[in-house]
Student: 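Just passing along the structure, written as structure tokens.
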Amino acid sequence: MPKADINKAGWEQSEFPILCETCLGDNAFVRMSKQEFGRSCGTCARPFTVFRWNPGTGMRFKTTVICQTCAKIKNVCQTCLLDLEYGLPTQVRDTALAVESKAPTSDINREYFAQNMESKLDGAKSLMDVNRASSAGKEMLKELARTDPYYKRNKPHVCSFYAKGDCNRGDACPYRHEKPVQNELSKQNIQDRYHGRNDPVAKKILSTHAASMGLQPPEDQSITSLFLSSLSPSSSEESVRTRVLKSLPAVPPSQLKSVVHIAKSRCAFVNWRDRATAELAAQAFANGLEIDGETVGVRWGRSKGASGQKAGKPATPSSATAA
């Protein structure tokens with residue numbers, strides 16, 4: 001770091017980028033261009049060393065978009081911002097590991113935060129500690145992990161002139177001549193991907209996994225309760241409440257409406273204030289939830305009017321939503 005220029009204090013210099021196997025490409029003799037302080041980091045806004053390369057034949061040129069300090073804090077690739085170990089968006093990983101994003105999002109604090117984190121790294125590869133996660137969270141990550149590189153992600157972007165019908169370059173055009181598809185996945189940005197918030201890719205992965213585990217959201221939008229079964233005999237309402245909130249650090253405690261614990265049946269109802277929070281909790285608990293040393297089962301509750309009683313039988317706790 002050039003100490004002679006005080007204006008460059010905190011700027012980052014590096015010799016090689018932090019990349020995932022997909023972004024690096026399948027070419028063993030890849031050539032990179034390096035530009036010191038070529039652009040500002042997409043998250044902390046500090047100038048950093050930019051690398052640019054072509055990952056393979058017929059692929060688009062790729063470049064680093066965040067600095068190495070921000071990449072190490074989240075253990076992500078500098079280009080695609082996906083987790084280096086599991087190949088998943090940070091929102092999926094943090095949901096499974098019950099990790100809260102502490103990085104500030106305001107322009108005032110993010111550069112100061114990055115400088116403090118850089119001193120804490122002190123040669124470490126990452127600040128992420130996966131070993132402290134619950135067994136259910138680790139199992140969820142193993143099921144969702146992308147272990148093989150997906151090189152199709154490096155294909156050129158769609159030609160905007162072709163989409164308008166104005167491209168006259170033909171086969172010489174370096175971009176794809178396809179009609180662009182407009183959906184939720186087309187609305188992605190660096191900030192949401194890095195901080196793990198409102199990421200459309202992560203939402204699709206989590207919702208698909210929850211549905212495969214039997215937690216497909218019910219059509220009745222009034223259902224905002226989750227049913228926990230096989231609780232430990234030592235569990236109490238307070239222990240269930242504490243564990244549920246600890247497993248969802250991104251959810252404010254005020255969003256939890258109530259917890260109804262039925263000690264005799266070793267079950268509990270977790271009632272949320274809105275449907276969006278209930279769906280987020282169901283996605284996070286798709287592989288179960290560890291409470292007091294036991295992995296409990298998680299199912300959606302049922303509406304009070306749709307408990308399906310026959311011959312006037314009263315509703316049981318497992319088939320009716322607790323108030």
Side-chain angles (χ1 to χ4, degrees), residues 1 8-24 34-51 62-134 137-138 140-141 144-146 188-199 201-203 205-206 246-251 284:
M1 181 182 298
K8 293 184 180 180
W11 293 14
E12 183 181 89
Q13 288 178 306
S14 55
E15 296 299 327
F16 196 81
I18 300 174
L19 302 173
C20 63
E21 188 176 354
T22 298
C23 290
L24 187 59
K34 171 184 173 183
Q35 183 182 9
E36 292 186 353
F37 316 132
R39 63 182 293 180
S40 60
C41 175
T43 56
C44 70
R46 298 187 306 162
F48 72 104
T49 302
V50 177
F51 295 88
K62 310 203 76 173
T63 183
T64 51
V65 295
I66 64 172
C67 66
Q68 291 199 2
T69 300
C70 292
K72 290 179 180 179
I73 292 173
K74 287 281 192 174
N75 193 37
V76 295
C77 172
Q78 280 187 266
T79 299
C80 65
L81 276 65
L82 296 179
D83 182 78
L84 291 173
E85 184 176 355
Y86 299 102
L88 297 170
T90 56
Q91 185 172 343
V92 176
R93 181 200 63 195
D94 293 350
T95 300
L97 300 180
V99 176
E100 182 179 8
S101 177
K102 298 181 180 179
T105 57
S106 64
D107 296 338
I108 301 175
N109 296 327
R110 59 185 183 179
E111 184 174 350
Y112 175 75
F113 175 82
Q115 292 179 0
N116 288 342
M117 290 294 102
E118 187 175 14
S119 62
K120 289 184 178 181
L121 284 168
D122 192 23
K125 293 183 179 180
S126 174
L127 292 179
M128 294 295 302
D129 186 8
V130 181
N131 296 325
R132 299 178 57 184
S134 63
K138 293 179 182 178
M140 178 178 175
L141 287 179
L144 297 177
R146 301 170 177 175
Q188 304 179 38
N189 61 77
I190 294 177
Q191 293 290 336
D192 289 347
R193 171 61 56 79
Y194 181 81
H195 294 288
R197 62 188 183 192
N198 301 322
D199 187 349
V201 178
K203 289 182 178 180
I205 294 174
L206 290 172
K246 188 177 180 180
S247 301
L248 298 169
V251 176

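Worth saying up front: this structure is predicted, and the values here are computed from it rather than measured.
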Student: Is E15 salt-bridged to K34, cutoff N-O under 4.0 Å?
Tutor: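 A salt bridge is present here (some side-chain N lies under 4.0 Å from a carboxylate O).
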Student: Does a donor on one side chain and an acceptor on the other come within less than 3.5 Å for Q91 and R197?
Tutor: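 No, no side-chain donor-acceptor pair sits under 3.5 Å.
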Student: Can we say K74 and D83 salt-bridge, meaning some charged N sits less than 4.0 Å from an Asp/Glu carboxylate O?
Tutor: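 No salt bridge links K74 with D83.
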Student: Which distance, rounded to the nearest 0.5 Å, do you find between the CZ of F48 and the OG1 of T64?
Tutor: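 The CZ atom of F48 sits 4.0 Å away from the OG1 atom of T64.
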Student: So if I apply the side-chain contact (heavy atoms from CB on, under 4.5 Å) rule between L81 and each of D199, D192, V65, which one comes out positive?
Tutor: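 Per the side-chain contact (heavy atoms from CB on, under 4.5 Å) rule, the option paired with L81 is V65, out of D199, D192, V65.
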Student: Check whether T63 reaches the backbone of F51 with its side chain - one donor and one acceptor, N or O, closer than 3.5 Å.
Tutor: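 Judged by distance alone, yes, a pair lies under 3.5 Å.
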Student: Nearest 0.5 Å, please: how far is OG1 in T49 from CD in Q78?
Tutor: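 Answer for the CD-OG1 pair, Q78 versus T49, is 9.0 Å.
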Student: Atom SG of C77 and atom CD1 of I66: how far apart are they, to the nearest 0.5 Å?
Tutor: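 Going from the SG atom of C77 to the CD1 atom of I66 covers 8.0 Å.
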Student: Report the distance from atom SG of C41 to atom CD1 of I190, rounding to the nearest 0.5 Å.
Tutor: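 Rounded to the nearest 0.5 Å, the SG-CD1 separation comes to 8.5 Å.
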Student: Keeping the roles fixed (side chain from Q191, backbone from G42), state whether a donor-acceptor pair exists under 3.5 Å.
Tutor: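 It does hold such a pair.
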Student: What closest approach, in Å, do Q68 and P17 show between heavy atoms, and which atom pair accounts for it?
Tutor: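 The answer is NE2-CA, 3.8 Å.
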Student: Going by distance alone, is a donor N or O of one side chain under 3.5 Å from an acceptor N or O of the other, for T69 and R46?
Tutor: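 A donor-acceptor contact under 3.5 Å links the two side chains.
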Student: Please check if the side chain of Y194 supplies one atom and the backbone of C70 the other of a donor-acceptor pair under 3.5 Å.
Tutor: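 Here the side-chain-to-backbone pair exists.
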Student: Rounded to the nearest 0.5 Å, what separation is found between the OG atom of S247 and the CG atom of L97?
Tutor: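 Those atoms lie 11.5 Å apart.
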Student: Can you tell me how far apart NZ (K62) and CG (L19) are? Round to the nearest 0.5 Å.
Tutor: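 Going from NZ on K62 over to CG on L19, the span is 9.0 Å.
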Student: Write down the atom of N75, the atom of R93, and the distance for their closest heavy-atom approach.
Tutor: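 Between these two residues, the closest heavy atoms are O-NH1, 3.9 Å.
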